[in-house]
Number of protein chains: 2
Amino acid sequence: MANLKQLAQSLGLSITTVSRALDGYDDVSAATRKRVREAAEKVGYRPNASARRLRKQRAELVAVTLPSDPGHIGPPHFLDMLSSCAEHLASAGLNLVIAPVPRGESELDICRRFVDGQRVDAMLLVRTRRKDERVEFLQSRGIPFVTNGRTESLVPHPYIDGDGFAGFHAATVRFQVAGHRRIGHVAGPQEYYFAHVRRTGWKAAMDEAGLNADLCAEGAPTEQGGYLAALELLRQPSRPTALVCSTDEMAIGALRALREIDGGNAISIVGHDDLPTGAFTSPSLSTMRMTGENLGASFASLLLRAIAGEPAEELQELHAIEFIDRDSHRRPMKAA
Amino acid sequence: MANLKQLAQSLGLSITTVSRALDGYDDVSAATRKRVREAAEKVGYRPNASARRLRKQRAELVAVTLPSDPGHIGPPHFLDMLSSCAEHLASAGLNLVIAPVPRGESELDICRRFVDGQRVDAMLLVRTRRKDERVEFLQSRGIPFVTNGRTESLVPHPYIDGDGFAGFHAATVRFQVAGHRRIGHVAGPQEYYFAHVRRTGWKAAMDEAGLNADLCAEGAPTEQGGYLAALELLRQPSRPTALVCSTDEMAIGALRALREIDGGNAISIVGHDDLPTGAFTSPSLSTMRMTGENLGASFASLLLRAIAGEPAEELQELHAIEFIDRDSHRRPMKAA
DNA sequence: AGGATTTGCCAAAACGTTTTGGGAGTCAAG
DNA sequence: CTTGACTCCCAAAACGTTTTGGCAAATCCT
């Protein structure tokens, strides 16, 4: 309730001195500083946020855009991640606002609103596209941002991403080593960077092994999308014996397709994301996930460093992918 | 980039007129209004948020506190709910900031920081306790808020809640009707309102049927908590034949306990929340959930109406509970 | 003692809006 | 011609901070 003016008046000091005392400047005597701080503590004074923001020309806010498409929010522990990110930002005086995209508006509109109204000091972007207009816009405005996922932008920007290429390459090679030759890929929408790079990893492994990389079907990054794409692959004349799926959600859909087609026992499958549900499917879903703990803290750190002006090249994290082996990736193979 | 002053200058008008033209006051001529609006559009002018907030004495922000305890975030589609809430708030010019509770600080500290710094116009509280200090604080400060879950506060406050009593009462009666007599309850921490009221519903149904309500074990609202509590009940001399669990997470833990004890086939079980994973457990988990669609929109609406000053009594929503029947609630009963 | 430096404080400006309280000019009625 | 009403615009104040630039008084040096 109290403001600086009242506090100053009650102490018989000027606004300036009280402000500087609270901020710990040393051009106010130790005695006064102590006196001011005690008084502030007693009345529970906290500076008015809007006033400080206006004066300091900083919004003390970071926005994260939440896509509202189906299959929208990728990672499983996304809210935990946001929460942790918000927590770390908070200790630097920044708050995290969530900015969902209303239907009829583009994510770009949202960015524009936040940036041009000077509502935020930085932005956090998730679910990047290969060619991402949000990235281009923010770069043109020179406002700091970090993405979850890379893009094909020519000018580098800060990001955190999993090494989808290596992960899907390795997963495919594992199947090859296990004797599979017809390995299919249930792909996500190729406009998304993550989906594209995962497909590329699968394809490279097939090419290197001299195998046919034509068993690939694309679908929405949802259970239903995975179901339909898997069905398409299973209807091929020479059916795949193993399926590498772009996401766990899609993999769960693929499991449903398998159940319908052949009881689901003959075809091996692997997903990506380590969705909690995967532990409960039957067969339980083998999967992969990005390594690294407390991603939220990493995002917060990158954001703060981006705001501080560190160059983008130093703010890029590419994390290795690790396997979570359960049952679905090693089904008994039918003789060829 | 542009501000009102520059815009006014370029138009040869005063700041006042430009401001009022943009706000649609009718004391500026239609012609000028049009001219101003077009110019504003062209340069992409957006009022500086901090300045407007300072002047209007409104933060244009709503905070939601995120508890970071284990078993923290209750509902399954919580992020979807927040996202939808944020979207609806946004169309009223409010943004939603997420306020996780750092370790070492209480949720009350967080509320205090946001309220006393005048950072928010309202707050959204989740996971209420029977006696909730956050509620008391916000009431004493007179700042609008809505809770997800009731409390035992003597002075009424806006909330949205499921009718846990009726739901758990009905679930228990269903078991009774199916012939069960030893119906246990896997309870969440009784300091939480939801956990308390659910237990009360179970107990009332047992009492009314003249059955012994002593098969009750309490645990953390997590998979592990449910596992331990169920184990405790299963070790009783007269073991329950059915289990009503406070949450799906706990129910899943209880399923694990059942599997360890007797293969999990003899005991019926029901949870609450409709966790997506429940569809994949074995047996698949029967559960309940609060009815009502687009809760996010409801929260947003209550928040806006609370800010507008509507009395708390008119801002309370108690939603019925509906059953989602899968397999776990009707296991073949052993003969008694 | 006289100048230079340091210490402790403060008045005023600035951040960019919105709102208050008019003030010219026009027009119609008396 | 005066009066009143109406239209369209504006100067200035206010919101509560932080920061700039400076001013007395006290302290230090020779």
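Note on naming: letters A, B, ... go to the chains in the order of the sequence lines (proteins, then strands), and numbering restarts at 1 for each one. Basis for what follows: all heavy atoms, side chains included, without hydrogens, waters or symmetry-related copies.
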TODO: At under 4.0 Å between heavy atoms, which parts of nucleotides 16-27 of chain D does protein reach? Answer with one letter per nucleotide, 5' to 3': B base, S sugar-phosphate only, - none.
DONE: BBBBB-------

Open item on the list: Quick check on dC9(D): is either OP1 or OP2 less than 4.0 Å from any side-chain nitrogen or oxygen of Thr32(B)?
Closed with: yes

- [ ] Using the ring of Tyr192(A) (Phe, Tyr or Trp, six-membered ring only), decide whether Arg127(A) places NZ or CZ under 6.0 Å from its centre and within 45 degrees of its axis.
- [x] yes

TODO: Considering just the side-chain nitrogens and oxygens of Thr17(B), establish if one lies under 4.0 Å of OP1 or OP2 belonging to dC8(D).
DONE: no

- [ ] In whole angstrom, give the distance that lies between atom CG of Asp26(A) and atom P of dC9(C).
- [x] 12 Å

Task: Parallel, tilted or perpendicular: rings of Tyr159(B) and His157(B) (30°, 60°) - done: perpendicular

TODO: Please work out whether the ring planes of Tyr193(B) and His196(B) are parallel, tilted or perpendicular, with thresholds of 30° and 60°.
DONE: perpendicular

- [ ] Ignoring hydrogens and angles, tell me if any N or O in the side chain of Gln139(A) forms a donor-acceptor pair with the backbone of Val155(A) under 3.5 Å.
- [x] yes

Open item on the list: Check whether Asp80(B) reaches the backbone of His77(B) with its side chain - one donor and one acceptor, N or O, closer than 3.5 Å.
Closed with: no

